[in-house]
Amino acid sequence: MNVRWILLLAFMSAGWSALYAECRMGTVERSGIPVRVMENRFLRAEVVPQSCGAVIALRYLPLAADLMPPFEYTVEKIDLLPDQVQVSSGGGRTLFWGMPYLAAQNMAVENESAGAERATLDLLGRYYQGISCTMRRQLSLEHDASLLKLGITLTNSGSTPLTLRPWDNLVVYLNPEKKDDILIPGRGGTSKVGTVGVQPLEQDRIYVRGISDFAKDVRIAAARNWVARRNDASPLIFAVRLTSEPMSPDGFFYSWGQGGNSPLQTMEAVLPPVELAPGKERSYELEYLVFQGLKNLKEICGDLGINCEVQGKQLEWQFAAVRPFPAQALTVYAGEQQIGELNVPALKTGETVQLSMPLGDIPSGNHPVRGTFSGGQTFQLLEPMLKR
Amino acid sequence: MLKIFALIGLCSLALLCPAGVQTTQLQVNDDLTVRNLGANRSWDSALLQFYMTLGPKGAATPMGRPEISGTDGQLKLQWKTPEYRWQVTLTPQGRMIQAASELTNLTGNELWIEPEIRLENVKNEFRQFWDGFGHMSAIKQDILKRTGIKGEVEKHVGASTMPFPVSGAVGEKDVLFVGGVPFDPVSYTAGSWDPAKNALTYSIRLVVAPKQTVSFRHVLGRAGSDYGAQEAVVQQYYEAYPECWAVIMGQDNPYVWGAHGQYISWWKVPDPEVSRRLDVTLEWTYCPYKRSGDMLGREEYWDYKAHSPFRSNKAEIGKTIDMGTIGREEYNQRRKEIFHRYGRRYGLMFYNTVAGTWCELDLARSKYPDAITHDKDVMYILNVWSTHHDREIRVFPMGTSFGEVFESDMKELVKELDLPGFALDCAYGGAFYRGPAVEKDLPGRAWDDQGKFIDQNVAINREVDFIHNMVKDPKRRLTAFINGYLKGDYVMVETPLLNTGKMKRWMPLLRWYIGPRPGCSHGHGFLLNEVIPDWRNWTPEDLREQMVKLSDFVILNQFKYGIGSSYLTQYGNPQELYALTEAHELMRAGWQAEIPMVLEDGMRVPYRARYGRGVNTYFYLANSGADDVKGNVRFDNSALDGNGLTMLFVRKMRDKAEASNLLSGNFTQLAAELPSRVPVVYEAVAGIRKPAEDFSCEVRADKQLNEQRYRIQFNNRQAFSTPVTARDIRGFELARMTLNGANVAPGATVEIKPGSVLEITYRSTVFRNPAADILAFPFTDAGKQISFNVQANTDDGYELARRFNDYFDFCRKNKVIDAKSKPVELKKIANPTPAAGTVTLMIGEMTGSGPDGVSVSPEGGIIIKAADAESADRMITALFKVMDQRYEYVFPFSYVMGLKPEMIQHFQMWNKAFPYKKYFEVKQ
């Protein structure tokens with residue numbers, strides 16, 4: 001076998017793998033710079049190493065829905081100045097709350113791989129955001145999942161302690177024509193998270209920042225680990241979830257909206273602060289999740305997005321999966337009292353099921369809806385609150 | 001006899017018949033035809049028409065032929081309809097024509113009107129339409145139009161940009177424009193170009209109460225586009241309406257002709273010598289109150305629940321204040337002491353609750369609900385805003401319950417705190433108030449399909465007038481320091497010059513609005529993290545080299561825009577402070593929009609600006625490239641002066657300069673040498689009426705502290721007669737002018753024979769001696785110990801004498817003199833005798849002791865003689881600037897916003913400074 005044959009076989013083998021690989025990784029050019037593209041059957045994410053490793057495009061492939069504004073990267077040459085880079089604000093990037101942000105920081109590509117199980121991109125940035133901090137940013141897309149994982153590791157590379165409050169700055173939209181509602185699970189009874197003032201809520205609830213919320217921005221103490229957006233002109237719900245640690249009590253959500261008819265309204269998780277001693281590191285994980293078919297989102301439990309509404313004497317449920325979900329029984333409680341059981345069928349990624357359940361007897365008083373899946377996962381909804 | 005009567009009759013007829021209105025640019029005849037009088041034309045003639053739209057359902061309807069009357073130089077047009085009587089008076093206004101309207105509502109109902117000026121049937125070769133914003137649109141088949149005044153929303157200020165009040169049709173050779181007058185109380189304008197009808201329009205919407213008469217102004221004009229069409233039009237506005245950009249108290253305003261402190265005199269205890277050496281003359285005193293909307297700090301509003309935690313570390317004059325716990329009496333008492341002690345000395349401009357346009361939400365809703373501006377197109381509620389702890393809502397400070405309290409609060413504060421002025425943040429328009437006050441007879445009411453409204457710009461402009469008129473004492477009028485583009489005396493551009501993105505977005509429109517007024521940039525200095533995000537990966541050597549470039553970038557842009565920088569970039573960069581003298585002098589002369597300058601082919605000069613007009617013109621050029629640039633530069637005198645003068649220029653240097661001027665046609669040509677990264681300024685020194693002959697002349701300047709001499713040798717071949725116009729030099733008076741040695745009266749016509757020499761000499765109004773004499777005074781001895789004393793004849797003088805200790809305290813602290821040197825000895829002596837080694841301060845009207853000023857006495861003492869303490873104070877400041885040459889202090893790099901300690905450590909310049917070049921001096 002000569003070299004030509006070896007090369008041909010190697011080429012065919014690579015092509016075969018690429019053809020049948022569930023997850024793909026490639027490089028394209030956007031606005032004049034190289035961009036890594038990660039793709040599975042559900043999502044295509046574009047990541048720019050030259051711009052803090054930001055996710056600058058996210059497409060939900062089954063509906064060909066683009067969820068981020070177009071990316072622009074310009075370099076201006078001006079006498080006496082280093083090249084001046086301007087980056088559009090769309091997409092998702094990691095910043096630090098309370099510090100000036102740099103959108104055009106270059107990160108080294110440490111590793112990139114794609115295979116049947118996942119596509120992974122590892123980026124490394126020293127002096128991230130201009131401070132003595134090294135950031136490792138790992139993005140991964142699993143096969144058959146409608147979610148993008150972000151793993152962040154921060155290391156204090158300086159000689160003095162650092163206090164950081166990581167901030168997932170995220171500019172997305174479900175519909176470029178109409179402003180989304182931002183669903184923020186808020187913790188009531190507080191006007192302050194650490195030293196940061198937040199909008200006081202009387203009780204825990206999902207704060208909906210809609211088109212009639214005219215404040216430029218809002219900060220809400222986190223009652224859950226996720227924040228989401230909906231739009232009645234889109235069948236999708238987009239959520240961000242912190243999976244590595246609780247957001248409460250020291251994390252909060254932030255949303256900033258441009259005035260007028262602009263569709264831009266951000267959804268941003270500002271994580272609990274952490275003191276990093278010199279040389280120490282901190283890791284955390286986030287997910288960008290896309291649910292199809294849910295009208296609203298009340299909770300995320302494992303790989304399911306859950307909507308639940310009281311309609312007359314029925315509880316109307318919707319469950320949407322971002323990964324394949326095996327059939328399970330769900331026991332439902334009003335507070336501590338069991339009020340019924342549902343059989344949630346197996347769901348494929350991207351599927352939604354709608355189920356009804358009679359309310360039955362509810363103990364007197366106000367009770368949150370709780371649920372336990374037969375697989376062991378549990379949840380408690382912030383709303384609706386069952387009353388009798 | 002009959003002939004005589006006929007002649008008289010004809011003359012009378014000529015006087016009675018309207019003749020038309022004319023400027024150097026265009027002419028409006030009594031048949032309302034408009035003729036282009038320019039030499040180079042993209043259009044020839046047009047028909048002037050006026051249209052009217054009544055209400056939202058109305059259509060623009062031609063007014064038809066008016067009754068026309070008038071005398072030479074003006075035309076009066078009048079129409080009467082069942083609804084209104086409209087009179088328009090056309091008069092020349094600079095190089096444009098003003099159409100001033102008075103419109104009376106004849107009905108018992110409110111009228112919603114949109115009067116429009118329109119130029120029709122324009123025979124033209126126009127290529128572009130200018131709608132008033134910073135850009136232009138190519139003319140194709142469609143109508144190009146702008147409706148309303150809202151421009152781009154600015155995220156930070158939560159309001160929007162506003163068009164310059166113009167509609168312009170632009171050709172290669174010239175531009176035809178119609179428009180309004182900047183800062184007039186107007187809430188809605190529109191403009192268009194219709195290529196099918198060749199019609200250019202500009203309209204204003206107004207609401208007129210029953211029987212009310214309203215006044216409003218339109219203009220029409222023509223400008224050559226050789227040096228930029230938009231710039232030429234804006235320039236005509238500066239010349240036609242100088243009052244729009246006039247500064248209160250003019251050149252004698254003590255606050256606006258220097259740098260702003262950027263909190264150096266607000267967060268910290270002001271330091272007299274730091275401020276003086278940085279030429280800081282005013283300060284933005286951010287939020288000197290607890291609750292947004294309550295500047296007085298009323299007892300009943302003091303304790304309240306803020307939206308966010310109260311600021312616990314607010315810095316004010318060297319003290320950190322916990323706004324959540326400090327008591328009202330304590331805060332207000334301290335504030336009173338601060339402003340009385342430092343207010344006028346350091347120009348502390350009281351920040352007046354975002355120009356009265358934002359108020360704490362609960363306060364607004366409970367006390368001033370009628371004042372809330374419910375405009376959701378722009379920022380409406382801000383959860384974190386001016387005070388950092390309040391949730392604030394936009395309010396309208398004119399004609400509302402809040403406006404009444406706001407004005408009364410400002411009056412009260414002026415009385416209580418003896419304020420020098422106010423700081424008006426976010427002085428922008430673009431937020432429409434539609435609350436109950438629009439029913440009142442307020443200026444600037446407009447309408448649209450949602451009803452009546454008034455734009456925020458009307459209220460803020462009126463607020464500036466209110467501030468200006470609050471104190472009548474001509475020396476103590478209040479100053480308005482604004483952040484925005486509206487009326488005011490000193491304008492903040494809220495971005496560092498290094499924020500190229502913002503500068504590109506805001507300029508040139510913002511600069512046109514600022515006009516010849518002084519101003520500053522404000523922000524985080526070098527923005528090093530943003531400008532060089534990977535600075536840590538740079539070697540210290542590379543970074544040092546880049547830092548000098550950044551500082552030069554600041555200098556070159558400061559001259560380009562005529563807005564000052566601050567200590568944030570000056571520390572460690574003495575070059576910036578060195579250039580500040582010229583930058584501020586040019587700022588005083590007034591930035592101009594049009595730069596009538598032609599460069600020789602191949603010259604690359606990215607930085608250019610023009611300041612002043614006529615014989616007081618300055619041109620700025622700078623080459624930001626790595627190599628020097630040489631070539632001929634021609635200045636177009638016809639665009640500099642409306643009186644046909646030809647200006648003679650020399651490079652502006654502090655000691656001496658020479659230049660050969662070639663006077664060619666309308667141009668003055670010089671051979672320019674532009675060293676890399678050096679601001680080069682040419683100053684006009686005199687103006688003459690040039691004959692047909694082109695010739696050269698040699699101009700030489702010799703400058704000393706007490707005297708400036710300008711020598712002009714003419715190389716003409718044929719004698720000619722001309723008046724000689726000498727320029728003005730601040731701090732100097734014209735002492736004499738001679739032609740070939742014979743005295744010439746200023747303005748007198750003289751005969752310039754071939755080879756004539758004209759000499760113009762100015763005498764300082766402050767200094768009687770050259771700097772060397774003053775610098776030879778023994779302020780300190782060889783051991784750098786203080787070796788002089790100060791004697792003063794009055795208590796005021798004794799107080800002022802303390803400034804000498806301020807001066808040398810600073811020098812001692814910064815090791816400019818010996819650390820153990822004793823203080824300056826101060827004495828009060830009723831009739832002091834000047835003596836060697838003594839500074840004598842004499843204040844008051846005294847006879848027989850020579851003119852006021854600073855002089856060195858025959859005995860070797862320094863005498864400061866002034867009519868009053870204020871004048872003496874100014875003289876001491878001037879003297880100190882001279883002394884700085886001997887007691888030079890270079891501010892080293894230190895931690896400032898935009899430049900962190902670790903950055904300075906990284907490029908190894910902590911407590912050090914870069915060297916600098918004395919590039920405005922021949923003797924460097």
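In what follows, every chain begins at residue 1, and chains take the letters A, B, ... in the order their sequences are listed.
- With salt bridges taken as basic N to acidic carboxylate O contacts below 4.0 Å, none links Arg36(A) and Glu46(A).
- A salt bridge links Asp181(A) with Arg230(A); the closest basic N to acidic carboxylate O contact falls under 4.0 Å.
- Top candidate by heavy-atom pairs under 4.5 Å with chain A, chosen from His524(B), Met903(B), Arg391(B), Lys900(B), is Arg391(B).
- With a threshold of 4.5 angstrom between heavy atoms, Thr74(A) does not approach chain B through any atom at all.
- Under 4.0 Å is where a charged nitrogen must lie from a carboxylate oxygen, and between Glu275(A) and Lys280(A) no such pair does.
- For the pair Val47(A) and Ile56(A), the minimum side-chain heavy-atom distance is 4.5 Å or more.
- Looking only at heavy-atom pairs under 4.5 Å with chain A, the residue among His307(B), His388(B), Gln546(B), Glu530(B) that has the most is Gln546(B).
- Contacts of Arg311(B) with chain A are absent, with no heavy-atom separation under 4.5 Å from either backbone or side chain.
- Looking at Gln129(A), only its backbone comes within 4.5 Å of chain B, counting heavy atoms on both sides.
- Interface remark: of the candidates His389(B), Lys504(B), Arg536(B), Arg536(B) forms the most heavy-atom pairs closer than 4.5 Å to chain A.
- Judged by the 6.0 Å distance and 45° axis criteria, Lys290(B) is positioned over the aromatic ring of Phe310(B).
- Note on Gly158(A), Ala104(A), Ser132(A), Ala103(A): by heavy-atom pairs under 4.5 Å with chain B, the leading option is Ser132(A).
- For the pair Lys192(A) and Phe252(A), the cation-pi test (distance below 6.0 Å, angle within 45°) is failed.
- Only the side chain of Leu556(B) has a heavy atom closer than 4.5 Å to any heavy atom of chain A.
- Interface remark: Val85(A) contributes no atoms to any contact with chain B (heavy atom separation under 4.5 Å).
- Salt-bridge check for Arg604(B) with Asp79(A): passed, with a basic side-chain N closer than 4.0 Å to an acidic carboxylate O.
- The residue among Ile532(B), Thr500(B), Leu528(B), Leu498(B) with the most heavy atom pairs within less than 4.5 Å of chain A is Thr500(B).
- Of the atoms belonging to Asp552(B), heavy atoms from both backbone and side chain fall under 4.5 Å from chain A.
- Considering every non-hydrogen atom in both Arg677(B) and Leu80(A), the closest pair reads CD-CD2, 3.4 Å.
- Looking at Glu392(B), neither its backbone nor its side chain comes within 4.5 Å of chain A, counting heavy atoms on both sides.
- Both the backbone and the side chain of Leu81(A) come within less than 4.5 Å of a heavy atom in chain B.
- In this structure, Ala431(B) and Asp455(B) approach most closely via the heavy-atom pair N-OD1, 3.1 Å.
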